[in-house]
Amino acid sequence: MEDTNSLIEQRRTKLAALAAKGINPFMNKVSLKELTGCGDARAKFERGELAEDAPVAIAGRISAHRDMGKSQFIDLKDVTGRVQVYAQKGALGDEPFEIFKHLDLADFIGVKGTMFRTRAGEISVKAESFTVLAKALRPPPDKWDGLADTEVRYRQRYLDLIANDEVKQTFLKRSAIIREIRAFFHERGYVEVETPMMQAIPGGAAAAPFKTFHNALGCEFFLRIALELYLKRLLVGGVDKVFEIGRNFRNEGLSRKHNPEFTMLEAYEAYGDYETMMETVESLVKRVAQNVLGTLVVTRENKSGTAVTIDLTTWRRVRYKDLVREKAGADWFDIAPAERRRRAIEDLKLAGDIADGYEDFEVTGAVFEKLVEPTLIQPTFVTHLPKELVPLAKLSPDDPTTVEVFECCINGQEISPGYSEQNDPIAQRETLEHQAGGEQQKLDEDFLTALEHGMPPAGGIGIGIDRLCMMLLGQESIRDVILFPQLKPKA
RNA sequence: GGGUUGGUAGCUCAGUGGUAGAGCAUCGGCCUUUUAAGCCGUUGGUCGUGGGUUCGAUCCCCACCCAACCCA
């Protein structure tokens with residue numbers, strides 16, 4: 001980082017000037033006692049908890065300044081918000097006031113003073129003294145236009161957070177969402193665990209893994225693509241209600257909806273089934289929305305700019321096959337596979353979405369994914385998926401071509417799958433061997449051994465936290481709910 | 001992987017085959033209750049990178065890099 005410009009040079013000169021005056025521009029410690037948050041000071045004054053002329057000490061980053069000659073206004077910002085500081089030459093003294101006037105935007109300072117309201121009505125702190133806490137050697141983004149360059153916003157997210165308050169709010173809310181999720185499961189008696197991210201056999205999903213190597217053990221490991229198989233081992237071990245929130249890694253394409261590493265919630269409940277878990281998902285999302293957004297009705301704009309209202313009060317349950325029949329014809333599942341393929345390609349115009357090698361269930365899958373899923377705006381549990389799609393679930397007794405599975409779709413996106421977990425080790429081995437044959441994956445023998453020791457019947461869910469955040473926070477890109485999304489390193 | 005769009009001052013953006021522009025920020029001056037403060041003045045550029053065409057390229061052509069979006 002040897003790059004420089006006149007603005008940086010100026011700031012370095014100011015830094016040297018402070019040092020020459022014996023001022024340490026990078027304080028080890030804020031010596032101000034009983035620091036009040038900048039935004040908190042405003043709020044407390046508003047509520048009457050801080051009176052006119054009440055003494056306060058605040059610290060924050062300078063986000064604006066308005067120079068009046070022998071007095072100056074600055075805005076000071078911390079995570080609690082913004083407050084105006086009023087500095088007068090007479091109150092600070094000549095030399096300190098000169099120093100104050102030459103502070104730069106983005107510098108951190110501490111201020112001691114008293115609360116008051118200006119003639120214009122602005123709640124402010126009248127400075128009696130101040131301390132330089134940290135000098136900023138680079139200028140911040142524009143105060144009014146903010147930071148728009150997506151590349152800089154993602155690579156230097158700290159600048160995005162400084163310049164774009166709505167971005168900061170989004171990430172604060174993401175944190176609140178995750179806090180609510182944890183509270184929800186803890187209240188229901190779940191145990192939170194951490195399972196290996198480095199796995200010898202990456203299981204629990206069909207996805208390309210990242211590969212790594214352990215030098216001391218002399219063998220390959222893979223970054224996990226799912227949490228599932230380790231959490232089920234814990235069901236075997238008697239942890240009856242278990243959940244994990246953690247990162248998964250998939251070595252696949254990047255898009256508006258895909259980041260190579262993403263955050264997954266998985267939860268399993270012994271003696272439950274897919275219906276138990278539908279209730280769980282519904283209650284969880286309602287609680288999170290209510291406590292973080294303060295409402296169950298979320299209105300936002302979609303890509304084409306039209307407003308979409310998502311009402312989380314009522315959750316529909318409908319079978320996969322019925323939804324497909326609505327789009328593809330009532331007789332869809334009665335006709336021959338070749339006719340299904342023809343109809344999908346010719347009548348439903350899905351030629352581009354159906355590869356030559358697609359099996360019959362994949363043809364139907366394309367119909368669902370392209371024609372049904374995008375239309376599921378209101379919360380919908382799509383149940384009874386074809387068994388080929390979910391090898392780790394139990395067959396439905398009333399239709400053995402399907403499994404006891406749901407996909408929860410909101411805003412045209414899958415938010416959460418859940419199912420009655422397969423706990424028959426013999427049936428599980430068969431489906432995994434069949435799948436492994438096609439995908440040339442290694443069988444996780446230890447997982448199958450665990451099942452043979454007996455796994456209680458259980459319901460399980462997975463929720464993509466990033467996509468849940470997108471839906472709740474009205475973000476169209478996964479990069480806008482991940483602080484540091486993956487980008488190609490700059491050469 | 002393919003397509004489209006973009007990359008110009010610290011930030012947001014104009015612009016042109018012939019000395020590179022605005023607003024904000026910076027720096028200086030005036031102003032002790034302003035708030036996108038105001039007024040006057042001022043500094044600041046490898047026009048993404050590398051080639052090519054041309055008397056001359058930030059602009060036209062080619063390749064490459066990075067990003068966003070769409071498609072696979």
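Below, read A as the first sequence line, B as the second, and so on, with proteins coming before strands; counting in each chain starts at 1. Scope of the values below: all heavy atoms of this structure, side chains included, with no hydrogens, waters or symmetry mates.
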Q. Is there any salt bridge (Lys or Arg N to Asp or Glu O under 4.0 Å) pair reaching into residues 362-376 of chain A, and which pairs are they, with sequence neighbours excluded?
A. A/Asp353-A/Lys370
Q: With sequence neighbours excluded, tell me which residues meet side-chain contact (heavy atoms from CB on, under 4.5 Å) with A/Ala148.
A: none
What side-chain donor-acceptor pairs closer than 3.5 Å can you find for residues 379-391 of chain A, not counting sequence neighbours?
| residue | atom | partner | partner atom | Å |
| --- | --- | --- | --- | --- |
| A/Thr380 | OG1 | A/Gln378 | O | 2.8 |
| A/His384 | NE2 | A/Arg319 | NH2 | 3.4 |

Q: Only pairs at least two apart or in different chains count here, so list each salt bridge (Lys or Arg N to Asp or Glu O under 4.0 Å) that has a residue in residues 63-77 of chain A.
A: A/Arg66-A/Asp75, A/Asp67-A/Lys101, A/Asp75-A/Arg82
Q: Return the residues of residues 61-70 of chain A meeting this criterion: a heavy atom under 4.0 Å from some atom of RNA chain B. Order them by number, or give none.
A: A/His65, A/Arg66, A/Asp67, A/Met68, A/Gly69, A/Lys70
Q: Please name all residues satisfying side-chain hydrogen bond (donor to acceptor under 3.5 Å, both in side chains) with A/Thr402, sequence neighbours left out, ordered by chain then number.
A: A/Ser396
Q: Give the B/S/- string for nucleotides 40-48 of chain B, one per nucleotide from 5' to 3', where a protein heavy atom under 4.0 Å of the base yields B, of only the sugar-phosphate yields S, and otherwise -.
A: ----S----
Q. How would you list, by chain and number, every residue that makes a salt bridge (Lys or Arg N to Asp or Glu O under 4.0 Å) with A/Arg343, sequence neighbours excluded?
A. A/Asp331
Q | Of residues 346-357 of chain A, the positions that come close to RNA chain B - non-hydrogen atoms, cut-off under 4.0 Å | A | A/Gly352, A/Asp353
Q) How would you list all residue pairs meeting ring pair (Phe, Tyr, Trp, His ring centres under 6.0 Å) that involve residues 320-367 of chain A, not counting sequence neighbours? A) A/Tyr320-A/Phe368
Q) What ring pair (Phe, Tyr, Trp, His ring centres under 6.0 Å) pairs are there with at least one residue in residues 122-148 of chain A, not counting sequence neighbours? A) A/Phe100-A/Phe130
Q) Dot-bracket for RNA chain B, 5' to 3', with Watson-Crick and G-U pairs under 3.5 Å, [ ] for crossing pairs and | for other-strand pairs: what is it? A) (((((((..((((....[..))))..((((.......))))......(((((..]....)))))))))))).
